[in-house]
There are 2 protein chains.
Amino acid sequence: MNAPVSAPALTKNQSLVFDVLTRSDAPMSAYTILDKLRDNGFRAPLQVYRALDKLLEFGMVHRLESLNAFVACAHPESECCGHGHGHGSVAFAICESCGHVSEFHDHEVDHRLSDWAKHKGFKPAKTTIEIRGLCSVCAA
Amino acid sequence: MNAPVSAPALTKNQSLVFDVLTRSDAPMSAYTILDKLRDNGFRAPLQVYRALDKLLEFGMVHRLESLNAFVACAHPESECCGHGHGHGSVAFAICESCGHVSEFHDHEVDHRLSDWAKHKGFKPAKTTIEIRGLCSVCAA
DNA sequence: CAATTGATGTAATAACATTACATATTAAAA
DNA sequence: TTTTAATATGTAATGTTATTACATCAATTG
Ligand SMILES: [Zn+2]
Ligand SMILES: [Zn+2]
Ligand SMILES: [Zn+2]
Ligand SMILES: [Zn+2]
């Protein structure tokens, strides 16, 4: 069986974490999420990390490796490659000034990397593509 | 002035850190490097981080964001794009079984990401591309 | 020599993440 | 429906990664 295509029923903690991330306009660290959820009964980092693990598994949240932070999936609903939520690989442009993150998918990039892997006999499990820089607003 | 193209003179600490990384066949965390250099008088993380900062600036070392670890530059000396050490963007294939890392440059990937950025008015500062998976040996 | 600059040493603390263990809830099986 | 297994949760402690703050030392330069 594959990853769920439509949103699975979330537990209470998963919903709380997902809602906080969805409302944020910038990536959030696990500890920032924790602070936002103190009033909802969150007390320990593990409550956040456990929820995040599931949301990552569901493809509803992404981890930004270069920031140690998390964002709600904002994958444009182009059904390219049949990716709904369980999309293949995705790239992020991260503004170092305002924190805004753009999520996008580039078919050609994906294929180039896949081809390299196939040629080398490397079996990809997960690909990270992150561009740090200045968004159009902040660069102006 | 641009990043130095030939290796600048390294300080003692920078040399020690670089040598340890060069000898390693897998990425090392800053604290692992620290432990390897205890006998050379290293006592505190900052000694490692300061050396790493310079080596990163010189383009002699790369940081693997998805591992929080560092590798000596192993950029194949293809002079594509005129990249010597101060190369543009580079990609890594990281084996999750044996730890081996392959560093490579894909011109086409670079251009696709640059084009996306240009189209969006995004000014890239640094690009991270990391493929986690199994190398040909471990996948066999 | 004074002043600046860059490198170093050390301690303390901050930020990010996991392990271990106990308890509760839910869903499937008997 | 009772038993059992699986999943979710609560809490504390600890482990790992990175930075701040401050003092010292060495080389350069005016
Ligand atoms: Zn997404
Ligand atoms: Zn911005
Ligand atoms: Zn390199
Ligand atoms: Zn391997």
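Everything numeric in this text was worked out from a predicted model, so none of it was measured.
- Phosphate proximity of C/dT25 to A/K12: absent, as no side-chain N or O sits under 4.0 Å from OP1 or OP2.
- Of the candidate nucleotides D/dT19, D/dT17, C/dC16, C/dC16 has the atom lying nearest to any side-chain atom of A/S29.
- Closest to the side chain of A/T11, from the set C/dT10, D/dT9, C/dA20, is D/dT9.
- With D/dT17, C/dA20, D/dA21 as the choices, the nucleotide that has an atom nearest any side-chain atom of B/L46 turns out to be D/dA21.
- Although no hydrogens or angles enter the test, the distance criterion places no donor-acceptor pair under 3.5 Å between the side chain of A/E96 and the main chain of A/R132.
- Spacing between atom CG of B/L56 and atom P of D/dA18 amounts to 11 Å, rounded to whole angstrom units.
- Residues A/T32 and B/F42 each lie close to DNA chain C; by heavy-atom proximity, the contact nearer the 5' end of the strand is made by B/F42.
- The separation between A/Y49 atom OH and D/dG10 atom P is 17 Å, rounded to whole Å.
- For B/R50 and C/dG6, a side-chain-to-base donor-acceptor distance below 3.5 Å is absent, hydrogens and geometry of angles not being considered.
- Regarding B/L34, its CG atom lies at a distance of 15 Å from the P atom of D/dT19, rounded to whole Å.
- Spacing between atom CG of A/L67 and atom P of C/dA15 amounts to 15 Å, rounded to whole angstrom units.
- Within 6.0 Å of NZ on B/K126 lie more than 12 heavy atoms contributed by other residues, nucleotides or ligands.
- By the 30° and 60° cut-offs, the orientation of the rings of B/Y31 relative to B/Y49 is perpendicular.
- Protein atom CG of A/L16 is 15 Å distant from nucleotide atom P of D/dA8, rounded to whole Å.
- Using modelled atom types, one side-chain atom of A/R38 and one backbone atom of A/R43 make a donor-acceptor pair closer than 3.5 Å.
- Taking a centre distance below 5.5 Å and an interplanar angle below 30 degrees as the stacking criterion, B/Y31 stacks against the six-membered base ring of D/dT17.
- The residue among B/F70 and A/Q47 whose nearest nucleotide of DNA chain D is located toward the 5' end is A/Q47.
- Per the geometry, CG belonging to B/L37 stands 15 Å off C1' belonging to C/dG9, to the nearest Å.
- A donor-acceptor contact shorter than 3.5 Å is absent between the side chain of A/H62 and the backbone of A/L56.
- The side chain of B/K54 contributes an N or O atom lying less than 4.0 Å from OP1 or OP2 of C/dA7.
- One interatomic measurement links the two molecules: CE of A/M28 to C1' of C/dA15, which rounds to 15 Å at whole-angstrom precision.
- Set against D/dG10, C/dT18, C/dT8, the side chain of B/N13 has C/dT8 as its closest nucleotide.
- Position along DNA chain C of the nearest nucleotide to B/N68 versus B/Q14 favours B/Q14 as the more 5'-ward residue.
- Here the C1' atom of nucleotide C/dC16 and the CZ atom of A/R63 are 8 Å apart, to the nearest Å.
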